[in-house]
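This report concerns only the one structure given below.
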Amino acid sequence: MNNRCGLCGNELTSIDTMLGENLLSDGNILCNKCLEKASIINEELLSDLHQFSIKDIENLVQNGAIIQEDKTEENTVENLPIVINSEQGLLTKDLYKKRLKEIKQQLDQLKANLSMFAKGEIKELPNILALDEKILAITDAQFVKTADAGILLVTPKRIISVSKAMFSLAKVHEYLNENILEVSFVKNFLSPIIKIHTTDKIVEFESFFNKDYAEDFYNFIKKIYNKEEPQKQSEEVKTVSSEAVFEQLEKLAQLKESGILTEDEFAEQKKRLLEKL
Ligand SMILES: [Zn+2]
C-alpha cells in the first residue's frame, strides 16, 4: 500500500488514510491538502474521488488554469492582500489562450530574463491581469525568508507578486500604486533585495536568479515610485553654475572692450567658459 501522496509525494498521515476516502481509481492516495486543492478546481472530486486516477488529478491541477487564490493557505503564510480578480471573473479557455499569447509576446518585447521555474507563474498571469493590463517590467523574485519563489511584475496600476509551487495554487499579492510610498534596493553579492514600502508595511523580495536583471527591474520601478529629488538638486546646481559662467563671460567682454584682453585671448577664454556649460 502507498504511504505517500500520489500528487505531492508527502508522507500520508493516518488522517489521510483513515477512512480510505482519498483512494484513487489506480490505487494512488491523495493527502488531504492535495485533495482540498484539487477539489477547489473540481468539486465533483469530493463525492466521486475513486473514479479519478492520479493522471486525471495531475491534468486537472496542471491545466486548471482557473485556479484562484486559496485563502485558507494564505493566512498561514503572511497577512498580505490577496488579489481576487472579481472584475473579469474566470476566462473562457479561448480567451485564456489568447491572453497567454499576448502576455508571452509582451515578455518577449521586454526581453524578460526569467528562470525556467517562472513558467508556472506566467501561466497564471491571464487570470491575474486585467484584459488591458500591460506588463511594464518583470523579474524573478522570492518573498524574503520564505520558500515562495516566483515573479514580481509591474503594470501601469500596480506591482504584483506571483508565486506558484508545482501542484499547488498560486499565491498572488498586489500593491496598488496609490499605496506604494517608495521602493528601495539592497545590493548583495548573491541575491539583492527589492523592497516595496507601502502605506502600512514594507515587503521584501529576494532575487536569486539574476542579480543584474533584478537591479534593472528596480531601476525601472524606482523611476515610477520614487520622487527624484537628487536629480532636481543637480539641475539647480547646474543652473547656478551656468549663470556664473554667463557672468564671467560678461566680465570677459568688458575686459576685451577696455583693451585688457586681445581678440584672441578673449576668444580662448570664452571657449573655455562655454565648455563648462
Ligand atoms: Zn499531497
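Numbering of ligands and ligand atoms starts at 1, following listing order. Everything numeric here is computed off the predicted structure, so don't read it as measured data.
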**Message:** Applying salt bridge (charged side-chain N to carboxylate O under 4.0 Å, His left out) as the test, list every pair that has at least one member in residues 108-118; sequence neighbours left out.
**Reply:** none
**Request:** Please say which of E204, K222, H197 ends up in a side chain to side chain donor-acceptor pair (under 3.5 Å) with S184.
**Result:** H197
**Nearby protein N/O/S atoms (those under 2.8 Å) for the Zn ion (ligand 1), with water ignored** = C5 SG, C8 SG, C31 SG, C34 SG
**Prompt:** Between F205, F217, Y218, which is the residue that forms a ring pair (Phe, Tyr, Trp, His ring centres under 6.0 Å) with F185?
**Reply:** Y218
**Asked** Does a side-chain heavy-atom distance below 4.5 Å link I122 with L114?
**Response** yes
**Message:** Test question: given the 4.5 Å side-chain rule for I, L, V, M, F, W and Y, name all other residues clustered with M116, or answer none.
**Reply:** F117
**Request:** May I have all residue pairs that pass side chain to side chain donor-acceptor pair (under 3.5 Å) and include part of residues 129-144, sequence neighbours excluded?
**Result:** S115-D140, E133-T155, E133-R158
